[in-house]
Structures are given as structure tokens and as C-alpha cells.
Undergrad: 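To start, I am sharing the structure in question, which I have written as C-alpha cells.
Just so you know, these numbers come straight off a predicted model, no measurement behind them. Residue numbering restarts at 1 for every chain, and letters A, B, ... go by the order of the sequence lines.
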Amino acid sequence: MIDKRCEAAAAAVADVRDGATIMIGGFGEAGSPIELIHALIDAGPRNLTVVSNNTGSGRVGLAALIARGQVRKMICSYPRSANSMVFPELHRRGEIELELVPQGTLAERIRCGGAGIPAFYTATAVGTVLAEGKESRRFEGSEYVMERGLRADFSLVKADRADRYGNLVYRRTARNFGPIMCTAAETTIVQVREMTEVGAIDPECVVTPGVFVDRIVVVPEPQQESVLVKEGRVYP
Amino acid sequence: MIDKRCEAAAAAVADVRDGATIMIGGFGEAGSPIELIHALIDAGPRNLTVVSNNTGSGRVGLAALIARGQVRKMICSYPRSANSMVFPELHRRGEIELELVPQGTLAERIRCGGAGIPAFYTATAVGTVLAEGKESRRFEGSEYVMERGLRADFSLVKADRADRYGNLVYRRTARNFGPIMCTAAETTIVQVREMTEVGAIDPECVVTPGVFVDRIVVVPEPQQESVLVKEGRVYP
Amino acid sequence: MKGWSREEMAQRVAADIPDGAYVNLGIGIPELVAQFVPRDREFIFQTENGLLGMGPSPPAGAEDPELINAGKKAVTAIPGAAYFHHADSFTMIRGGHIDVCVLGAMQISARGDLANWSTGEADAIPAVGGAMDLVAGVKRILVMTEHTTKTGEPKIVAECTYPLTGRGVVDRVYTNLAVLDVTEEGVAVRELAPGVSFEEVRAKTGAPLLPMAQESAR
Amino acid sequence: MKGWSREEMAQRVAADIPDGAYVNLGIGIPELVAQFVPRDREFIFQTENGLLGMGPSPPAGAEDPELINAGKKAVTAIPGAAYFHHADSFTMIRGGHIDVCVLGAMQISARGDLANWSTGEADAIPAVGGAMDLVAGVKRILVMTEHTTKTGEPKIVAECTYPLTGRGVVDRVYTNLAVLDVTEEGVAVRELAPGVSFEEVRAKTGAPLLPMAQESAR
């Protein structure tokens with residue numbers, strides 16, 4: 001019987017090796033799989049390349065992973081925000097690499113990585129520094145740059161509910177990068193608020209079909225990044 | 001107040017001009033917007049390019065549109081089936097052009113057309129006659145062909161329910177090409193079984209957000225192509 | 001008071017947006033536009049983090065950290081809203097399905113180049129978000145900004161000196177002093193704020209202005 | 001009876017598919033595989049027209065014309081199924097998320113080229129459907145076919161003469177006479193059907209066969 005549930009976050013991320021590429025869902029704290037990230041901090045792999053829209057805030061979650069020196073390179077669209085000090089500081093010191101990608105291009109690169117498309121063209125960033133060094137090409141008189149599909153060894157994603165097949169539904173704007181990151185990794189690990197019986201999710205409303213999911217960890221009451229930051233919490 | 005509902009199918013398709021490119025949803029009869037197609041036959045534009053997975057069956061719906069000589073060219077993946085005589089006959093006589101596209105490539109070309117992506121690379125069809133004359137390129141040691149995004153002047157799509165904003169849900173495997181075709185046309189015309197109040201569709205379950213829809217026609221009891229074919233019906 | 005307040009600028013922008021438009025509002029001042037939708041019109045607000053049908057801020061205490069806008073502030077969803085993932089969201093944006101985007105600016109060039117994401121300083125952490133996607137894909141790009149910087153430098157310039165967000169993308173600029181169009185011929189003043197003269201606008205603009213057409217002076 | 005019946009072939013294919021596999025079955029003979037899922041395994045069937053978790057045919061009278069498979073036959077959906085659109089469906093296929101695809105064949109070459117979509121005759125209407133996407137994207141391609149054509153010609157050949165569906169894509173072939181692997185070294189017989197000799201398979205195969213390994217003869 002197919003059952004993708006893992007007993008604990010620690011077990012779910014235990015095989016992440018040094019040098020791995022990891023996609024981490026979330027737009028700010030919405031959709032950020034904070035318990036999976038903390039498990040990754042505990043597991044300790046280093047030299048990671050992380051693909052995530054932001055770089056976390058405070059000293060918990062993604063920011064804590066970066067603060068621990070486990071991340072060699074960030075691929076993201078918006079590496080700073082109100083409470084984001086860790087990444088900027090390390091980046092200024094030259095201790096972490098940044099590949100800055102426009103948000104829509106980042107989303108499409110991930111989708112293409114998951115869909116078996118090695119490269120595509122987009123008008124986004126044409127004529128800007130972010131297109132420098134990239135191949136460009138004209139179609140019907142307009143200029144486009146070529147962008148490459150992006151894949152990862154692991155994706156860490158937060159969803160709302162799952163069944164044992166791995167079918168997922170999300171909650172509001174916490175959906176963001178989750179569904180596409182699920183498609184683009186060799187191994188997709190998802191934390192959900194609850195497991196439901198098979199059949200409880202309307203097949204018309206499944207957002208991520210189970211084929212894209214490998215492991216599920218149940219975190220009934222996930223921590224909220226902004227609350228932890230406000231409390232000045234530091235992980236671990 | 002936004003209200004995308006049209007009173008009748010005839011009014012919804014009245015501005016389709018000779019020479020237009022039209023995407024028509026459906027996989028076989030499932031999702032085929034038969035009432036919109038019949039309205040298009042009545043409206044009479046000729047020299048159309050039609051993008052649709054199949055070519056219809058019997059002498060109703062898409063097959064009837066082709067039989068009336070309104071279609072110059074079909075772009076599809078599977079132009080024949082058990083009850084499909086019209087297209088094969090016209091094609092053998094040299095009276096209709098065919099651009100044969102693998103089904104997944106067809107789907108992706110439509111999606112890219114809707115997403116502002118002029119071209120992409122795929123491994124599908126590499127080394128086959130369907131890649132002949134197409135640009136190819138290697139990425140990480142594997143060969144891919146370049147395919148172009150596909151757009152249309154109009155899309156004719158069948159969905160199950162809509163609200164006045166044009167938010168759509170579909171029914172079972174009648175969803176198929178509908179959601180992507182809605183994104184890839186200048187004007188998207190949708191026939192639905194029923195209108196619902198705004199808010200009646202769960203925002204987590206909207207399949208086509210209203211931004212992709214221009215006109216809605218309500219057809220409470222759509223005809224079923226296979227039944228019409230069995231009865232030997234001919235449209236008009 | 002001379003010139004327009006931010007609220008008046010927002011009102012002026014909103015007045016130019018047609019009924020039924022799909023609108024994306026940039027972070028910051030552009031967010032004010034949502035407060036000035038004319039009574040007889042309906043706009044649908046898209047936020048690129050996955051919501052079409054964004055409503056106003058919730059009352060204090062009713063914020064949901066999983067219902068936010070692109071500026072990561074708590075928002076609401078109107079009846080008839082839809083949630084979707086990031087690739088679908090940028091299908092809307094890149095694919096030309098959003099009618100209007102209102103953005104802030106650091107500089108706008110005479111040819112409609114926009115710089116609004118980076119100072120280009122060596123130690124600055126660059127962060128682009130969805131700005132480049134929006135200017136490349138949305139049908140009409142409106143810029144809402146003070147006419148000059150805090151130190152009085154023109155923001156409308158012959159050539160941008162900051163890194164570009166996009167080339168030739170700006171359609172119209174709303175400042176505290178005037179409404180200006182980027183046209184094939186150059187920058188044209190369409191409307192002056194109360195008490196503001198064409199000469200004042202010209203003096204505070206770093207690019208040549210086309211002579212003001214008679215009918216648009218008022 | 002000599003050789004395997006279609007049902008026995010389907011059973012043989014099913015026995016090779018691991019528990020929990022995501023499987024796409026081609027139109028025709030491959031559809032039989034769904035009837036022979038081993039009792040202790042669970043396969044999830046995908047049909048490229050937008051359903052993951054395809055179940056068996058419905059009872060007569062309960063067919064829904066909007067719930068069909070890629071062959072346009074009425075099917076059912078299991079609890080835990082999901083519907084999706086065509087681009088998402090081929091994300092699964094092209095993106096390498098489907099584990100196994102079972103297809104019919106007109107010809108298979110010694111290097112694993114597959115021809116199964118067109119005779120290439122001038123007056124034939126070519127129709128490819130999803131076949132080229134499936135062979136390009138699915139992890140493991142199994143072919144299920146009679147060993148020879150109706151007129152006795154070999155289907156496993158040195159070079160395909162029909163237009164190809166894909167180059168070097170076939171992993172294993174199940175015929176009424178044998179199970180054969182396409183390997184780097186050539187075509188290898190893995191198993192012979194009851195009453196069938198290696199010599200008979202060799203005689204009916206249009207490509208050289210590797211000598212049969214001792215351990216796989218039974």
C-alpha cells in the first residue's frame with residue numbers, strides 16, 4: 001500500500017547530503033516549511049544551494065539555515081526584507097553567493113525544471129543587468145533572453161492537507177511556490193497540517209497530484225516565523 | 001459591474017473573422033464546446049486555422065465545421081478516430097492542411113502562448129519526422145527541439161460552472177485543454193452548464209481565474225457529440 | 001496647497017483605470033490606489049504571490065499570515081477571488097493578461113525606461129522581486145512617484161543612471177506636480193496639479209518636455 | 001498451448017511493475033495490464049487526458065462521456081484520484097514523473113527505437129497523440145506486442161522501416177513468445193514462453209539476439 005507519510009521531519013530530511021540543491025517553498029513566511037528547515041539544520045548538511053524566493057527573517061527558519069553557514073549559494077528574487085539581516089550580512093562579507101532571478105522567471109524556471117523543459121525564452125529582464133551574459137534572441141521582432149529550467153535534489157514544501165498518496169491542497173497565498181517546487185526535485189518532502197483519508201480531497205480540487213510527492217511529515221501546529229522573530233527566538 | 005455573460009452563442013462568436021486562428025477545447029467529445037462550434041458554423045467565417053486535439057466525429061461539432069469548408073488548416077495531435085471521416089477525406093483530397101504536433105508539445109505550445117513564452121525546448125519528437133526542419137540543440141548532452149508558443153484570436157472552451165467574473169471549474173476529464181486554451185487567445189469564449197453566484201466557487205478550487213475569460217454563454221443541457229453521431233445527425 | 005498629495009495622486013491614477021480592469025499595484029505608494037476606485041467601477045486586483053481578487057486590509061486582529069500581498073502585508077480576498085501558484089500567477093503577468101500595473105520609481109527616462117529596483121551601489125543587496133516581470137508583461141505601466149527625489153533631483157531624466165527594471169516600458173507618470181505621458185516624440189505633460197506651472201515642471205524635470213497642448217492645460 | 005496469450009502477456013508485464021508505481025497504459029492491448037495488478041501491490045494509473053488514479057471501466061449504463069481514458073473509452077476514478085489539465089498532465093509525462101509506460105508497437109529496433117504511430121504510407125492520415133511525449137519522458141518504456149505481424153514478419157528488427165516514435169527508448173519487450181531486453185550489447189532474451197525455444201524466437205526476430213544467459217532460461 002502506498003503511504004508516503006514519514007514519522008518525523010528528522011527522518012524525512014536525513015539523506016540530504018553536503019552540496020545538495022534544495023528548493024524551499026514560501027513567500028516570506030507564508031508557505032515556508034519551518035519545521036522541515038529546522039530538521040535540515042539539525043541534520044547539518046553543508047555547502048547547499050538553496051532556491052527560495054526570499055532569504056528568511058530573524059534567526060529562525062531559512063535565515064537560521066543561512067546563519068549556520070550551511071548555504072553556499074542562494075537563488076532567489078528578493079533576498080532582503082524588513083527583518084532580514086543574516087543574508088545581507090554574509091553576502092557583504094562575501095561568504096554566500098547570490099543568483100538574483102526575477103520572480104516570474106524564477107517561477108517559470110522551476111516549472112520548466114519539473115516539466116522536462118531545459119530552456120525557454122522570456123522578455124523579462126531584457127535590457128537590464130540581469131540579462132547580461134545571457135543568450136538573447138529575437139522572435140517576431142521582439143527581444144527575449146534564454147533561461148534554463150531549474151531542478152533540485154530535494155524540495156521542502158508546506159501544504160495544508162495531504163492523503164497517503166501525496167495529493168495536496170494548500171491554504172490561501174501560502175500556496176505560492178509549493179506546487180511547482182513539488183514537481184522539480186528528485187525527492188519532494190512536504191509538511192502538512194493534517195492527513196486526510198484517501199478520497200476526502202475532491203479530485204477536482206487537488207492542487208498537487210500525489211505523483212509529485214515523495215514524503216509527508218505531519219506538523220499539526222506549525223510555528224509562525226513572524227511570531228518567533230518578534231520573540232527574538234534563535235534556532236537552534 | 002463586471003459581467004462576462006453573453007445572451008447567446010451567436011452573439012459571442014459574431015466577431016470571428018475570415019482567416020482567424022481558433023483554439024477549440026476538448027479531447028474527443030469530452031470538453032468539446034459543441035454549441036459554440038455550431039454558432040461558429042452559423043456565423044460562417046472561412047479560411048480558419050483551428051487548434052484542437054482531434055478533428056471531430058460524424059457530421060456535427062468540429063467535424064461539421066470542417067465539412068462546411070470553413071477550416072483551411074488543422075493543428076492537432078490526433079486527426080482521426082473511429083467516427084472521424086470528414087477530415088481524413090478532405091485531407092486526402094488536398095483540401096485541408098495539417099500540422100501534426102505531439103500531444104504534450106501541443107499542450108505546452110498553448111500554455112507558453114498564454115504565458116508570454118515565445119519558444120521552448122523539448123525532447124519529445126527528437127529523432128523523428130516530426131522534428132524535421134526544426135531547430136535542435138543540446139543541453140547537458142541530450143538533444144532537444146525548439147518549439148514555438150501558440151496563440152489564437154479566439155478560444156472556444158467548455159467548462160462546467162462560471163461566475164460573472166469568469167472564474168471557471170470543469171468536470172472530470174472534460175477539463176483537458178480548456179484551462180490552457182483560455183490563456184492563449186485574444187478573446188476567450190466559454191460555454192458553461194450553469195452560472196453561479198460570485199463566491200459560490202471556493203477560491204482554492206478555481207481552475208481558470210476570471211482574468212483569462214472574456215465571454216460566457218450558458219448552455220444548461222449541452223448536446224453530446226456521440227449521441228448525435230449515433231443518431232446520424234448532420235449540422236446544420 | 002500646491003501640487004497633489006499622495007492620496008490625490010492615487011485618486012488621479014484610479015480615475016484613469018477603466019471599469020473591469022485587472023490591476024497589479026506595486027509595493028508602497030501605489031497601494032493607495034485601491035482606496036480610490038471610482039464608485040461606478042469595479043477593478044480586480046492581482047497580487048503576484050497568488051491571488052486574484054485581493055481586497056482591503058483586514059481589521060486589526062483579523063490578519064492571516066497566509067493571506068498576504070506582494071509586500072507581505074495582510075490583505076483579504078473578495079468573494080469571487082481565486083488562489084493559484086507562482087507559475088500561474090506569472091502566466092497572468094508575463095502573458096499580458098493584466099491590464100494595468102502601478103509602480104513606484106527611482107528614475108524614468110524620456111524614452112520610458114524605468115529604474116525602480118536597485119541603486120547599483122556595490123554594497124547594496126539587490127532585490128528585484130516581480131518588478132521586471134511586471135514591466136515586461138503588463139499591458140499598461142503607470143508610475144506613481146514624487147516629481148523629484150528627497151534632495152530635489154529630477155526623477156524624470158534623459159537617461160537613467162540607476163540599473164534598469166525595463167527599457168521603454170513606462171506609459172504614464174503621475175507625480176505630485178503633473179501627469180506626464182511617455183510618447184514617441186518625448187515626454188508630454190498631460191495635466192498640471194493645482195497651482196503648478198508648466199515652467200515649474202520643466203525646471204524640475206531632467207528631460208526635455210514637449211510643448212503643452214492647449215486642450216490639456218487646465 | 002504454445003506461447004503466451006494476451007492476458008498472460010499482460011500478467012507478465014504487471015509482475016515486473018513495482019509496488020507504488022505510476023503507470024501509463026497505451027491504447028489497445030496494454031490496457032489489459034490494469035486487470036493483472038498483483039494482489040500485494042498498488043499501481044496508480046495515469047491517463048494523459050487529465051486523470052491520475054484511473055480505475056476500471058464502469059458497469060454498462062454507468063458510463064460518463066466526461067470520464068474517459070486516452071483511448072476515449074469510459075473509465076472510472078479511484079478514491080484519491082486527481083483531475084488536471086493537459087499541460088499539467090504532460091508535466092508529469094515529459095518531466096519524468098511517470099515510472100512505467102506500456103505501449104504497443106509496429107516495430108522495435110535492436111537499439112530500442114520504437115515505431116508505433118504511422119505506417120508512413122502517403123495516403124495515411126498520421127496521428128501521433130501522446131506517444132512521442134510518453135517515450136521521451138517516462139522513465140521505463142515497456143512494449144507489449146505479438147512477436148510478429150499478422151503476415152509473419154518480425155516486429156523486432158535491425159532498423160525500423162516505419163516512421164519512428166522515438167530513438168533508443170524501449171527498455172523491455174513482452175511478446176507472445178518471449179520477454180526481451182534492449183541492452184547496450186543488443187537484444188537479450190530474458191524469458192521464453194512455455195513451449196517456445198530460443199531458436200524459434202531467433203527465427204522470428206529480425207535483429208541478432210544475444211546468447212541466452214543460463215540463469216534466465218526456465
Side-chain angles (χ1 to χ4, degrees), chain A residues 27-31 53-55 57 76-82 84 87-89 91-92 98 100-108 110-112 114-115 122-131 143-144 158 160 170-181 183 207-208 224-227, chain C residues 27 47-51 54 63-77 81-96 111 113-115 117-118 120 122-137 160 162-169:
Chain A
F27 183 87
E29 69 173 325
N53 190 61
N54 307 100
T55 61
S57 62
C76 68
S77 89
Y78 209 85
R80 57 174 155 81
S81 57
S84 171
F87 176 85
E89 200 180 304
H91 187 62
R92 280 196 197 94
L98 170 65
L100 189 71
V101 183
Q103 198 171 127
T105 298
L106 182 63
E108 190 64 16
I110 295 166
R111 182 194 172 274
C112 284
T122 175
T124 296
V126 166
T128 77
V129 294
L130 295 192
E143 194 178 338
Y144 298 86
K158 182 185 186 179
D160 191 49
Y170 299 79
R171 192 170 166 278
R172 300 184 165 181
T173 57
R175 186 184 302 194
N176 59 68
F177 284 89
I180 50 176
M181 286 182 171
T183 70
V207 175
T208 293
Q224 201 182 304
E225 187 178 293
S226 56
V227 170
Chain C
I27 300 170
T47 180
E48 62 263 34
N49 54 315
L51 168 60
M54 181 175 68
E63 296 90 353
D64 177 348
E66 295 192 332
L67 180 47
I68 58 175
N69 66 11
K72 305 193 175 84
K73 285 191 214 132
V75 295
T76 53
Y83 298 109
F84 35 84
H85 62 59
H86 252 77
D88 282 350
S89 182
F90 283 88
T91 285
M92 294 179 193
I93 291 167
R94 196 190 312 100
R111 282 194 313 268
D113 297 350
L114 175 67
W117 71 284
S118 168
D123 69 336
I125 302 297
V128 66
M132 289 189 182
D133 308 281
L134 286 161
V135 300
C160 296
Y162 291 127
L164 296 187
T165 310
R167 277 193 202 278
V169 296

Undergrad: Is there a donor-acceptor pair closer than 3.5 Å between any side-chain N or O of Thr173(A) and the backbone N or O of Ile68(C)?
TA: yes
Undergrad: Heavy-atom cut-off 4.5 Å, strictly under: side chain, backbone, both or neither for Val101(A) against chain C?
TA: backbone
Undergrad: Does any part of the side chain of Val129(A), heavy atoms only, come nearer than 4.5 Å to the side chain of Trp117(C), both counted from C-beta?
TA: yes
Undergrad: Tell me, out of Ala131(A), Ala123(A), Gly178(A), Pro88(A), who's got the most heavy-atom pairs with chain C below 4.5 Å.
TA: Pro88(A)
Undergrad: Give the minimum heavy-atom separation between Leu164(C) and Gly127(A), together with the two atoms involved.
TA: CD1-O, 3.9 Å
Undergrad: Would you check if Pro126(C) and Leu98(A) make a side-chain contact, meaning some heavy-atom pair closer than 4.5 Å?
TA: yes
Undergrad: Is it the side chain or the backbone of Tyr83(C) that comes within 4.5 Å of chain A heavy atoms, both, or neither?
TA: both
Undergrad: After noting the C-alpha distance and the side-chain angles of Phe27(A) and His86(C), does the key distance pass the ring pair (Phe, Tyr, Trp, His ring centres under 6.0 Å) rule?
TA: CA-CA 10 Å; Phe27(A) 183 87; His86(C) 252 77; 5.7 Å; yes
Undergrad: Checking Ser226(A) against chain C: side chain, backbone, both or neither under 4.5 Å from a heavy atom?
TA: neither
Undergrad: Quick one: list whatever passes salt bridge (charged side-chain N to carboxylate O under 4.0 Å, His left out) with Glu89(A), sequence neighbours left out.
TA: Arg93(A)
Undergrad: Considering only heavy atoms from C-beta outward, does the side chain of Asp133(C) approach that of Gln103(A) to under 4.5 Å?
TA: yes
Undergrad: Using 0.5 Å steps for rounding, measure from the CD1 atom of Ile125(C) to the OH atom of Tyr78(A).
TA: 12.0 Å
Undergrad: Under the 3.5 angstrom rule, does the side chain of Arg94(C) hit a backbone N or O of Gly104(A) as a donor-acceptor pair?
TA: yes
Undergrad: Under a 4.5 Å heavy-atom cut-off, does chain C meet the side chain of Ile110(A), its backbone, both or neither?
TA: neither
Undergrad: Quick one: of Arg80(A), Arg111(A), Glu225(A), who has the most non-hydrogen atom pairs under 4.5 Å with chain C?
TA: Arg80(A)
Undergrad: How many angstroms lie between atom CD of Glu48(C) and atom CG of Asn53(A), to the nearest 0.5 angstrom?
TA: 9.5 Å
Undergrad: With a 4.5 angstrom heavy-atom cut-off, could you sort out which part of Thr165(C) is near chain A: side chain, backbone, both or neither?
TA: backbone
Undergrad: Please state whether the side chain, the backbone, both or neither of Asn69(C) comes within less than 4.5 Å of a heavy atom of chain A.
TA: backbone
Undergrad: Could you tell me which of Pro102(A), Ala125(A), Ala174(A) has the largest number of non-hydrogen atom pairs under 4.5 Å with chain C?
TA: Pro102(A)
Undergrad: At a 4.5 Å cut-off on heavy atoms, which part of Phe87(A) comes close to chain C: side chain, backbone, both, or neither?
TA: side chain
Undergrad: Quick check on salt bridge (Lys or Arg N to Asp or Glu O under 4.0 Å): which of Arg171(A), Arg172(A), Arg175(A) does Glu66(C) satisfy it with?
TA: Arg171(A)
Undergrad: Nearest 0.5 Å please: distance from the CZ atom of Phe90(C) over to the OG1 atom of Thr124(A).
TA: 8.5 Å
Undergrad: Using a cut-off of under 4.5 Å on heavy-atom pairs, state which of Gly166(C), Ser118(C), Ala70(C) scores highest against chain A.
TA: Ala70(C)
Undergrad: How about His85(C) and Thr208(A): do any of their side-chain heavy atoms sit closer than 4.5 Å?
TA: no
